[in-house]
Amino acid sequence: MSETNDDAEQPESTERPTPNPCSDDGEPDSDGVTQVAIACQGGGSHTAFTAGALRELLSAADWEEEFELVGISGTSGGAFNALAVWYGLVTGDEAKAIDLLERIWSDMAASDYPDMVVNQWVSLLSRFQSEGVGIPNVSPYYSPGSDWGQQRIVDILERHIEFENIPALCAYEEPELVVGTVNVNDGAFETFTNEDVTADAVLASAAIPTLFEAVEIDGESHWDGLFSQNPPVKDLMSVPGDRTPDELWVIQINPQEREGTPTRLPEITDRRNELAGNISLNQELRTIERINEWIEDGHFDHPEYTQTTIRRLQLRGYHHSTKLDRDPDFLEELIEHGAQEGAAFLEGLNLEDDVEYPARQ
């Protein structure tokens, strides 16, 4: 079953702290592994950056003795990445996960001539709209391009992911897989986890209302998860105690900070979209931070409850209007940029002296 998240209407104080993997004396488990969950924010084509970052994290970090991936979530394009990594790991290893990421994004690129023409047209319209130019809009329910685009996504995913095998692959020892959507009918944030992740669930997570029809799941219509949890965080924390992450790594597509005040219309539009895209993420991260504060202040003095370190890896420098651009060279640029930032992220972990990883003690 999918899970409905009504946190947006609940006070943060109702959140129950989540237990971390500790022994009875409060010390890290003897295996010395730091448990990590990764949350992949959505953002259209910009999430190719996430694919590059994940590629570097999977290939360069020590996932045998230092880190263990206990969960991965995603929304929209971030869901494509989360699914590829999860499926690759549970059916193989880090190398297979990286291979899946590369093949899915290669297929997503506008490589043949008809698709290139469509991509150029969509990218141009997106740029015009960001400049405030009036563009006639057509409902996706009256556009043949909507059905074609959604079917293309499903075909690509099913080419590489055997969704019918996912329930059998889900086990307690495997990472949690979480995909975020929003229920159009009741307005609730809705996540699909583990065996409930289907091609329709991933398609719904990427169903931008102005471009695609809503995806019906169990008689309810679903839209892009960008309107809800972007990306889902709570489900990564609401797991059995010995699977709760010591660290949450957020791969963020919408920059949290920008220098200066935007004054031109395209800049204003761009920053507005970035801020809107971060609202749900910041709410969920603030809940974790508050629980950390309560633990630090002694309100939860129990060895099962420890703090969760939050780290962000962020994309910067790209305009909002290019989130629909699937030009192969542009996607490759984003992937390589993500890989560079992933390397810098891991280097930052090595340089930190305020956090002690069990495996490094």
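Residue numbers start at 1 and run along the sequence shown.
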>> Show, in sequence, the C-alpha distance, side-chain angles and deciding distance for T308 and M237, and conclude whether the side-chain contact (heavy atoms from CB on, under 4.5 Å) test is met.
In response: CA-CA 9 Å; T308 298; M237 310 299 295; 3.4 Å; yes

> Minimum heavy-atom separation for S73 to P231, with atom names?
Replying inline: OG-CB, 4.1 Å

> Should V70 and L236 be counted in the same cluster of Ile, Leu, Val, Met, Phe, Trp and Tyr side chains packed under 4.5 Å apart?
Replying inline: no

>> Looking at every non-hydrogen atom in both residues, tell me the closest pair between W105 and G44 and how far apart they are.
In response: CH2-O, 4.1 Å

> Which atom pair, heavy atoms only, marks the closest approach of L346 to A60?
Replying inline: CD1-CB, 3.6 Å

> Donor-acceptor pair, T322 side chain versus Y318 backbone, under 3.5 Å?
Replying inline: no

> Are there more than 12 heavy atoms of other residues, nucleotides or ligands under 6.0 Å from atom CD of E164?
Replying inline: yes

>> Under the criterion side-chain contact (heavy atoms from CB on, under 4.5 Å), I'd like the reasoning laid out for I288 against I291: C-alpha separation, chi angles, the key distance, then a yes or no.
In response: CA-CA 5 Å; I288 297 175; I291 291 173; 5.8 Å; no

> At what distance, to the nearest 0.5 angstrom, does OG1 of T47 lie from CE of M108?
Replying inline: 8.5 Å

> Taking 4.0 angstrom as the limit, do E174 and R243 come out as a salt bridge?
Replying inline: no

> Measuring from D62:CG to E64:CD, what's the distance to the nearest 0.5 Å?
Replying inline: 7.0 Å

> By salt bridge (Lys or Arg N to Asp or Glu O under 4.0 Å), which residues pair with R152, not counting sequence neighbours?
Replying inline: D115

> So does E289 pair up with R286, basic N to acidic O under 4.0 Å?
Replying inline: yes

>> Applying salt bridge (Lys or Arg N to Asp or Glu O under 4.0 Å), can you list everything that pairs with E216, at least two apart in sequence or on another chain?
In response: none

> Under 3.5 Å, side chain of D200 to main-chain N/O of I217, donor-acceptor pair present?
Replying inline: no

> Between atom CZ of R311 and atom CG of L313, what is the distance when rounded to the nearest 0.5 Å?
Replying inline: 11.5 Å

>> I want to check something: taking the side chain as every heavy atom from C-beta on, are H337 and L315 in contact at a cut-off of under 4.5 Å?
In response: yes

>> With no hydrogens and no angle check, just 3.5 Å: does a side-chain donor-acceptor pair link Q35 and D246?
In response: no

> At their closest point, which heavy atom of V33 faces which heavy atom of E65, and how far apart are they?
Replying inline: CG2-O, 3.6 Å

> Do the non-hydrogen side-chain atoms of T193 and L177 ever get within less than 4.5 Å of each other?
Replying inline: no

>> I'd like to know whether D155 forms a side-chain hydrogen bond (donor to acceptor under 3.5 Å, both in side chains) with Q151, so could you lay out the CA-CA distance, the side-chain angles of the two residues, the decisive distance to 0.1 Å, and finally the verdict.
In response: CA-CA 6 Å; D155 290 344; Q151 187 58 53; 2.8 Å; yes

>> When you measure from the side chain of R326 to the backbone of L331, do you find a donor-acceptor pair of N or O atoms at a distance under 3.5 Å?
In response: no

> Looking at side-chain heavy atoms only, is the closest gap between I251 and Q41 below 4.5 Å?
Replying inline: no

> Where do I104 and A84 come nearest, in terms of heavy atoms and distance?
Replying inline: CD1-CB, 3.9 Å

>> Using side-chain contact (heavy atoms from CB on, under 4.5 Å), reason through W86 and L169 one step at a time and then give a plain yes or no.
In response: CA-CA 10 Å; W86 182 89; L169 293 170; 4.0 Å; yes

> Do the side chain of S106 and the main chain of E102 share a donor and acceptor less than 3.5 angstrom apart?
Replying inline: no

> Does any N or O in the side chain of S45 come within less than 3.5 Å of the main-chain N or O of K323, such that one atom is a donor and the other an acceptor?
Replying inline: yes

>> I'd like to know if the side chain of Q150 reaches the main chain of E213, judged simply by a donor and an acceptor atom lying under 3.5 Å from each other, with no hydrogens or angles considered.
In response: yes

>> Donor-acceptor check, side chain of S205 to backbone of G180, threshold 3.5 angstrom: yes or no?
In response: yes

>> What I'd like to find out is whether the side chain of L69 reaches to under 4.5 Å of the side chain of I38, using heavy atoms alone.
In response: yes

>> Does any part of the side chain of D196, heavy atoms only, come nearer than 4.5 Å to the side chain of V179, both counted from C-beta?
In response: no

> Do R312 and L281 pass the side-chain contact (heavy atoms from CB on, under 4.5 Å) test, and can you show the C-alpha distance, the side-chain angles, and the key distance before you say yes or no?
Replying inline: CA-CA 11 Å; R312 304 193 198 212; L281 172 62; 4.3 Å; yes

> Any side-chain heavy atom of P232 within less than 4.5 Å of one from F192?
Replying inline: no

>> Just so I know, are the side chains of F49 and Q314 near enough to count as touching, which here means a heavy-atom distance under 4.5 Å?
In response: no

> Should R55 and E336 be marked as a salt bridge (Lys or Arg N to Asp or Glu O under 4.0 Å) after you check the CA-CA gap, both sets of side-chain angles, and the distance that decides it?
Replying inline: CA-CA 10 Å; R55 184 185 74 187; E336 291 306 316; 3.3 Å; yes

> Would you say N81's side chain and T50's backbone share a donor-acceptor pair under 3.5 angstrom?
Replying inline: no

> Can you check whether L89 reaches K96 side chain to side chain, under 4.5 Å on heavy atoms?
Replying inline: no

> Can you check whether A204's main-chain N or O pairs, donor with acceptor, with D224's side chain at less than 3.5 Å?
Replying inline: no

> Could you state the interatomic distance from CD (E332) to CG (D329), rounded to the nearest 0.5 Å?
Replying inline: 8.5 Å

>> Please determine whether side-chain hydrogen bond (donor to acceptor under 3.5 Å, both in side chains) holds for the pair E247 and W249, giving the CA-CA distance in whole Å, both sets of side-chain angles, and the decisive distance to 0.1 Å.
In response: CA-CA 6 Å; E247 298 206 356; W249 295 354; 2.8 Å; yes

> Judged by atom type as modelled, is there a donor-acceptor pair below 3.5 Å linking the side chain of N230 to the main-chain atoms of G42?
Replying inline: yes

> Side-chain donor-acceptor pair under 3.5 Å between H160 and D107, yes or no?
Replying inline: yes

> What distance separates L54 CG from I98 CD1, expressed to the nearest 0.5 Å?
Replying inline: 9.5 Å

> Considering all heavy atoms of both residues, which atom of V197 and which atom of I166 are nearest to each other, and what is their separation?
Replying inline: O-CD1, 3.6 Å

>> Nearest 0.5 angstrom please: L248 CG to I310 CD1, how far?
In response: 6.0 Å

